[in-house]
Amino acid sequence: MKSILETLSEITGKAFEEAGYKKEAGRVSVSNRPDLCEYQCNGAMALAKEYKCAPKQIADAVVKLLEGKPEFESVEAVMPGFININISSAFLAEYVLAMSEDEKFGVNMPESKTIIVDYGGPNVAKALHVGHLRPAIIGESIKRILRYMGHNVIGDVHMGDWGKPMGLVMTEIQCRQPDLPYFDESYTGEYPKEPPFTVRDLEEIYPTASAKSKEDPDYNARALEATLKLQSGVRGYRALWDHIINVSVNDMKHIYERLHVDFDLWNGESTVQYLIPDMVKEMKESGVAYESDGALVIDVKEDTDTKEIPPCIVVKSDGASLYNTTDLATIKERVAKYDPAQIIYITDKRQDLYFEQVFRAARKAGLVSDKVTLSHIGFGTMNGKDGKPFKTRDGGVMRLESLITDIQNEMYVKIKENKEMDDAEARQTADLVGLSALLYGDLSNQAVKDYVFDMERFISFEGNTGPYILYTIVRIKSIIAKYAAQGGDVSSLKIGTPVNASEKDLMKALSSFAQTMESAASELAPHRICAYIYDLANALNSFYHETKILSEEDETKKGEYIALIDFTRKMLETCIDMLGFSAPDRM
Ligand code: ARG
């Protein structure tokens, strides 16, 4: 389906051609001065030099040919040579009607590709904390956006499950339960099916072990030894590790589910250990990797660098593999298994340099061809109102689960105040609306920027918030329900030509969906969708306040109104689904 911009560009292009200029100059874009016009064409400016005349003169000639075309409400050449365009209500309505009948609402599907999104990145030994919020929800939204665009998207959680934290946890378990068979290397029987700890134990074991290791060198040495035993495949350590992974992953799944985050692959650093020895050997043999101070490194600096890019360390001087090593091996595995066109990593922006090194090393070592795009989305920090990284009231690290519960509880209180609702429904509604507050509060910011977690603002039903969007959807649902109760049949209605300004504005807001999706997908930017729905919700609410919808006497017009707001609801719901939340029926 042709977008508004394509149609306008075509018409304007033809006029340029007719006037004796090249067609390409007719490209129309959304106005960057919405106070002056809706769309604009700047083509005359670029032609001036080539044709040796004033741009305004060219624009005047083109505008003469455009005047009176049914697509335009007004078209005007202004100094120094811009063409300002407002589109006609009939053309706009025709587009929105076609959009509403299009399966993808007017978005042109790109060629479908396989894309891996690496997000979440929790470390297994530790409980999920607020720092895990952003990678989970930004990654989830990017995955959903790319799926909407028709791509085959695979989400991988890429857990940290292989390093020293695992050794620390095992050492602490051994201190507490030395007689467990896992630690008896002469034991050859089957290991117990039940883990010797609960998830609550685990949460407390890691911080205890970590603190002890810092004070007690002997304890620290034992933890390193345990790590090594695990990594070299000692049976009992491997079995105990399986328990840790199971218990911890189960708990994680439950928390991620509360965020509507879900992964296709529960792989981790451990998954690719089997590839490392050969990969390292090949790197050495081909000469891309060389020894430096006992470590094996790959040089990744390039002539065009404006800042220093240090070499990528593949193996440490003590022979241990590290974060880099597993990321390189993971690229190798992903290429072999899924043949992706792109791999996208979502982490804190402090890992920008790290990923630059890994990407370059992977290309240099031939793990990935130039056809595969490697992208890193580095996000900023979620801060508290004091401008520092968000903490609990007593300054500790807040668990992710507590953050979710807090915001849902606040929402519960608010909903109970506002509405008569039985407790079960109020809880369910609060969960949905609270989640929207959390997700929208985050995703409405450009990912790279830091933002302030402001509970009061996020849960407000007014302003640029998730609850405001949901409130708008609920408002539409309630009008539609009344219309249906009066005997109306929504499914047979069609959008018509707008008869007043707020109706036209609502259609205008709807019509930019295709552009929104194109930029959200190419920039991997959920905030584009937030901006679209905020605009759309505002336009809907202005329309609602300025129009008598249900009491409209002209039944045809009333039907058109209903069709328009119902389509607005559909677009809002399509969009919030890509952000990871959904709307209740009332709130
Ligand atoms: N576990 C890592 C961390 O805590 C994040 C993993 C990100 N993904 C990756 N492929 N390195 O920083």
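Just so you know, ligand 1 is whichever comes first in the structure, and atom 1 is the first atom listed for that ligand. Owing to the predicted nature of the structure, the values given are computational and were not obtained by experimental measurement.
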### Query
When you measure from the centre of the six-membered ring of Trp266, is the NZ or CZ of Lys253 under 6.0 Å away and within 45° of the axis?
yes
#### Entry: Phe105, CZ: over 12 other non-hydrogen atoms inside 6.0 angstrom
yes
### Query
Would you say the side chains of Asp327 and Tyr345 form a donor-acceptor pair under 3.5 Å?
no
### Task
Tell me which part of Met159 gets within contact of ligand 1: side chain, backbone, both or neither, using heavy atoms under 4.0 Å.
neither
### Message
Please verify the inter-ring angle class for Phe390 with Phe453; under 30° counts as parallel, over 60° as perpendicular, anything in between as tilted.
### Response
perpendicular
### Query
Nearest protein heavy-atom contact for atom 1 (N) of ligand 1: which residue, which atom, what distance?
Gly121 O, 3.0 Å
### Task
Considering the heavy atoms of Phe355, write down every atom of ligand 1 situated less than 4.0 Å from one of them.
9 (C), 11 (N)
## Note on the structure
the protein heavy atom lying closest to atom 5 (C) of ligand 1 turns out to be Tyr323 OH, 3.4 Å
### Query
Which of the atoms in ligand 1, numbered in the order shown and given with their element, are less than 4.0 Å from a heavy-atom of Thr347?
7 (C)
### Task
List every atom of ligand 1 that sits less than 4.0 Å from any heavy atom of Gln351, numbering the atoms from 1 in the order shown and giving each element.
12 (O)
### Query
Is it the side chain, the backbone, both or neither of Asp327 that has a heavy atom closer than 4.0 Å to ligand 1?
side chain
### Message
Could you identify the single nearest non-hydrogen protein atom to atom 8 (N) of ligand 1 and state the distance to 0.1 Å?
### Response
Asp118 OD1, 3.1 Å
### Message
Can you give me the closest heavy-atom contact between Ile469 and Ile533, atom names plus distance?
### Response
CD1-O, 3.6 Å
### Message
For Asn123, which part has a heavy atom under 4.0 Å from ligand 1: side chain, backbone, both, or neither?
### Response
side chain
### Message
Less than 3.5 Å apart, any donor N or O on the side chain of Gln174 or Tyr182 sitting next to an acceptor on the other?
### Response
no
### Proximal ligand 1 atoms for Tyr345, defined as those under 4.0 Å from one of its heavy atoms
10 (N)
### Query
Has Lys349 got its NZ or CZ under 6.0 Å from the middle of the six-membered ring of Phe355, at an angle within 45 degrees of the ring axis?
no
